[in-house]
Amino acid sequence: MSPTKSLPPAGLMRRLGALFYDSLIIIAIEMMAAGIVIAILHAFLAMGVFSVAPYADVSDLLTNHPIWSPIYTLYLALVWVCFFVFFWTRAGQTLGMRAWKIQIRNADGSPISTTQALIRLATSGFGLANLTVPFDPQKRGFHDIWAKTQVVVLPKVR
C-alpha cells in the first residue's frame with residue numbers, strides 16, 4: 001500500500017455513494033441471515049421440537065417474545081457489524097467502497113485494526129458522521145477522527 005499523503009481524501013458524495021451501495025448489500029445479507037433462522041425454526045416446528053404458542057407463527061415469536069426478540073435483534077446487529085469489520089480490516093474496502101474506488105487506511109497506509117473498525121462503526125451514526133467531511137480541512141468524518149483513520153480515493157488502474 002502506498003502512503004495516503006499521495007492519495008487525495010474522499011469527498012462527501014463519494015462516501016455517500018459507497019454507503020448507498022453498501023446499504024443494498026447489507027439489506028440482502030440481513031434478509032439471508034434472517035431467512036436462515038426462520039427456516040431452522042420452521043424445521044424445528046415441523047419436527048415437533050418446539051411450539052410457537054401463544055404466538056401466531058415463528059415471525060411473531062421472533063418479534064414479540066421477551067427473550068428471543070432481543071437475541072434475534074442482537075444476532076442481526078452482529079451480522080451487520082461483522083460485515084463492516086471484516087471488509088474494513090481485510091482490504092480496507094467494503095464492496096460499495098470498491099465500486100467508488102475509496103479505501104480506509106491509517107495515516108501510514110496500513111490497514112485499520114479491528115478496534116479502529118469497531119470505534120468507526122460505533123461513532124458513525126449510521127452514516128451521519130460523514131456530514132462533517134465538508135467542514136474538516138482533511139476531509140475526515142466524525143468517525144474517522146475518533147478512529148484515527150483516513151478515507152482516500154484510490155488511483156485509476158491503467
Side-chain angles (χ1 to χ4, degrees), residues 1-41 58-59 62-158:
M1 286 187 205
S2 62
T4 56
K5 291 181 182 173
S6 62
L7 298 175
L12 179 62
M13 287 306 166
R14 208 175 265 265
R15 288 170 180 248
L16 293 179
L19 182 62
F20 177 71
Y21 278 37
D22 287 333
S23 298
L24 297 175
I25 295 166
I26 285 291
I27 288 169
I29 290 171
E30 291 286 342
M31 288 171 61
M32 289 189 300
I36 289 169
V37 170
I38 290 171
I40 289 170
L41 290 178
V58 170
S59 182
L62 291 173
T63 304
N64 297 315
H65 193 274
I67 296 171
W68 290 113
S69 178
I71 291 172
Y72 181 62
T73 303
L74 183 64
Y75 160 71
L76 292 177
L78 188 62
V79 167
W80 178 73
V81 167
C82 286
F83 171 83
F84 283 105
V85 170
F86 176 80
F87 281 104
W88 286 347
T89 58
R90 297 299 182 281
Q93 298 174 294
T94 59
L95 299 173
M97 293 172 75
R98 186 166 294 176
W100 283 88
K101 304 210 182 332
I102 60 177
Q103 186 178 47
I104 300 172
R105 297 178 173 187
N106 284 310
D108 64 356
S110 64
I112 68 171
S113 67
T114 302
T115 304
Q116 284 177 299
L118 291 172
I119 290 169
R120 195 170 191 279
L121 199 54
T123 57
S124 69
F126 298 101
L128 291 176
N130 285 310
L131 296 177
T132 61
V133 170
F135 305 106
D136 186 68
Q138 297 173 19
K139 290 190 176 180
R140 295 174 300 170
F142 180 76
H143 50 318
D144 294 317
I145 295 168
W146 274 91
K148 296 180 177 65
T149 59
Q150 295 176 338
V151 180
V152 295
V153 178
L154 296 175
K156 291 183 180 181
V157 178
R158 295 181 194 252

Could you tell me whether the side chain of [Y] reaches within less than 4.5 Å of the side chain of [X], counting heavy atoms only?
X: V79; Y: I26; value: no
X: R15; Y: D144; value: yes
X: L12; Y: K139; value: no
X: L154; Y: L7; value: yes

Is a donor on one side and an acceptor on the other found under 3.5 Å between the side chain of [X] and the backbone of [Y]?
X: T132; Y: F142; value: yes
X: Q150; Y: R140; value: no
X: S69; Y: T63; value: yes

Discussion item. The criterion is side-chain contact (heavy atoms from CB on, under 4.5 Å); which residues satisfy it with I71, sequence neighbours excluded?
Written reply: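 I71: side-chain contact (heavy atoms from CB on, under 4.5 Å) contacts with I67, W68.
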Worksheet item: What side-chain hydrogen bond (donor to acceptor under 3.5 Å, both in side chains) pairs are there with at least one residue in residues 18-34, not counting sequence neighbours?
Response: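 Listed by first then second residue: D22-T94.
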Discussion item. I'd like to know whether the aromatic ring centres of F20 and W100 sit less than 6.0 Å apart in this structure.
Written reply: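 No, they do not, as the ring centres are separated by 6.0 Å or more.
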Discussion item. Parallel, tilted or perpendicular, judged at 30° and 60°: which one describes the rings of F84 and W88?
Written reply: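 Aromatic pair F84/W88 classed tilted.
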Discussion item. Under the rule for ring-ring contact (aromatic ring centres under 6.0 Å, His included), what residues qualify as partners of F135, not counting sequence neighbours?
Written reply: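 Not a single residue meets the ring-ring contact (aromatic ring centres under 6.0 Å, His included) criterion with F135.
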Discussion item. Between N106 and Q116, is there a side-chain donor-acceptor contact under 3.5 Å, judged purely by atom types and distance?
Written reply: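 On atom types as modelled, these side chains qualify, holding a pair under 3.5 Å.
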